[in-house]
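One structure is given below, encoded as structure tokens.
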Amino acid sequence: MRNSDSHTEGPSRGTLVDLDAVADELYALRPEDFVAARDRRALDAREAGDQALAKEIGALRRPNLAAWVSNLLVRRQPEEVRPLLGLGEELRRAHRELDGAQLRKLARRQNEVIGALGRQARKLAGQAGHPVGEGVQREVEETLHAVLADPRAAREWAAGRLVKPLSSTAGFPAADEAVLGSRPAPPAAEPRTPARGKGRAQEAERRRHRTEAREEADAERRRHLAPAREEAREAERELRARETEAADAARAADEAGARLTEAEELVGELRERLRHAEEGQRRARAGERDARERARQAGRAAREARRRAGTAATRLERPATG
């Protein structure tokens, strides 16, 4: 079944178009339709005399399956784009500010939203005539994690022209400190007290000592946080690596399943053809037997006719000779 997104007529041959219009048309197509349509558009541009545009169109890359599903989500569910981008801004702000309570709240919301969008994207792919498995869904969800973590990734996704899934291996800035605890509030400004001469100098000294104490405490806190921060980063890298391995394995399983389905369909088709051939063979053998029987009967009839003809001829010859 072809969906309206899987085929676009596009501009007629000889009509000049810009690269954005062609890219929007091409990335709305299913992956298997991309290359042929791209080559047609490049040919259109060359025939219209725009060699530079033809070269740019020819350089557009075919999206893989997970990228196509991510693009499909943007194109079919545009109302989901802005809320997700807004959630990403909130998450990044909470990480910068090390707001633990807000981070925990947003993390729960993040998991719910990404899970729902991953399932919705998989459903859309099936409706577009290209069902996908869990491996592709995980790659779409990984792309959505990257969208939340990185503004540049968010812009790429929102354009609907991905050629491969995005990765969020870098994670959120300062995420490790947020997990360990909230940043201490900055010290309140010291109230100004009127002082003169020696009193003013003493107040300045006390202020300097308090500043040095705060700086030393901050430095000590950073030293204690460094191992935990590195451990958190290493754990996140390990998590992303395991998720990538799981996605690769699931994708391989999906591809193997598709090959098995194709092989089973071919076996079924060959069995059906064999059944028809054997039926034809049986009919041919029966026809051969009938034909041979008819030939034997015709032979006997011919011999009998010759015998009768010979007898009749003999009878005719006897009176003549007498």
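Note that the coordinates shown come from a computational prediction; the quantities given were computed from them, not determined experimentally. Note that these values count all heavy atoms, side chains included, but never hydrogens, waters or copies made by symmetry.
- When all heavy atoms are compared, the tightest approach of Q102 to A94 is CG-CB, 4.0 Å.
- More than 12 heavy atoms of other residues, nucleotides or ligands lie within 6.0 Å of CZ in R300, so this atom counts as buried by the packing criterion.
- In the displayed structure, R208 atom CZ is contacted under 6.0 Å by more than 12 heavy atoms of other residues, nucleotides or ligands.
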message: Before you tell me yes or no, could you show the steps for E304 and R307 under salt bridge (Lys or Arg N to Asp or Glu O under 4.0 Å), namely the whole-Å CA-CA distance, both residues' side-chain angles and the distance that decides it to 0.1 Å?
response: CA-CA 5 Å; E304 181 63 22; R307 186 186 65 77; 2.3 Å; yes
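- Side-chain contact between R289 and E293 is absent, with no heavy atoms from C-beta onward closer than 4.5 Å.
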- request: Using the side-chain contact (heavy atoms from CB on, under 4.5 Å) rule, take E142 and R138 through it: C-alpha gap first, then chi angles, then the decisive distance, then the call.
  value: CA-CA 6 Å; E142 175 71 11; R138 274 194 287 270; over 6 Å; no
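- By the 4.5 Å heavy-atom criterion applied to side chains, R210 and R207 are counted as neighbours.
- For the pair N71 (side chain) and A67 (backbone), a donor-acceptor distance under 3.5 Å is present.
- For the pair R275 and E279, the salt-bridge criterion is not met [side-chain N within less than 4.0 Å of a carboxylate O].
- The minimum heavy-atom distance linking R75 with G160 is given by the pair NH2-O, 3.1 Å.
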message: Show, in sequence, the C-alpha distance, side-chain angles and deciding distance for H145 and Q110, and conclude whether the side-chain contact (heavy atoms from CB on, under 4.5 Å) test is met.
response: CA-CA 8 Å; H145 277 291; Q110 167 188 345; 3.1 Å; yes
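- With values rounded to the nearest 0.5 angstrom, D290 atom CG is found 13.5 Å from R283 atom CZ.
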- request: Would you sort out whether V140 and Q137 count as a side-chain contact (heavy atoms from CB on, under 4.5 Å), showing the intermediate values?
  value: CA-CA 5 Å; V140 172; Q137 181 180 332; 5.6 Å; no
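- Here the closest heavy-atom approach between residue V74 and residue A158 is recorded as CG1-O, 3.5 Å.
- In plain terms, the two heavy atoms of A154 and L85 that are nearest each other are CB-CD2, 3.5 Å.
- Of the possible polar contacts, none joining the R109 side chain to the L87 backbone as a donor-acceptor pair under 3.5 Å is found.
- Between L106 atom CG and L91 atom CG the span is 4.5 Å, to the nearest 0.5 Å.
- Put simply, NZ on K123 and CG on L73 are 12.5 Å apart, with the number rounded to the nearest 0.5 Å.
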field: Stepwise side-chain contact (heavy atoms from CB on, under 4.5 Å) check, L166 with E156
entry: CA-CA 9 Å; L166 300 175; E156 291 180 21; 3.5 Å; yes
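- For the atom pair W157 CH2 and L144 CG, the distance stands at 6.0 Å (nearest 0.5 Å).
- Other residues, nucleotides and ligands place more than 12 heavy atoms under 6.0 Å from the CZ atom of R282.
- When side chains are defined from C-beta on, L162 does not count as touching Y27, because their heavy atoms never get closer than 4.5 Å.
- A heavy-atom distance below 4.5 Å is found between the side chains of D24 and R161.
- For R38 against L60, the heavy-atom pair with the smallest separation is NH1-O, 2.9 Å.
- The CD1 atom of I57 lies 9.0 Å from the CZ atom of R46; values are rounded to the nearest 0.5 Å.
- Here the side chains of P83 and V113 are not in contact, with every heavy-atom distance at 4.5 Å or above.
- Between G58 and A42 the shortest heavy-atom distance is N-CB, 4.4 Å.
- Between E139 and S70 there is no side-chain heavy-atom pair separated by less than 4.5 Å.
- Taking a cutoff of 4.0 Å between a charged side-chain nitrogen and a carboxylate oxygen, E90 and R93 do not qualify as a salt bridge.
- In this structure a side-chain-to-backbone donor-acceptor pair under 3.5 Å is missing from R62 to F34.
- Expressed to the nearest 0.5 Å, how far CD of E288 lies from CZ of R285 amounts to 9.0 Å.
- Residues H130 and E32 are in side-chain contact: their nearest non-hydrogen atoms beyond the backbone lie under 4.5 Å apart.
- Looking at R306 and R303, their side chains come closer than 4.5 Å, going by heavy atoms from C-beta outward.
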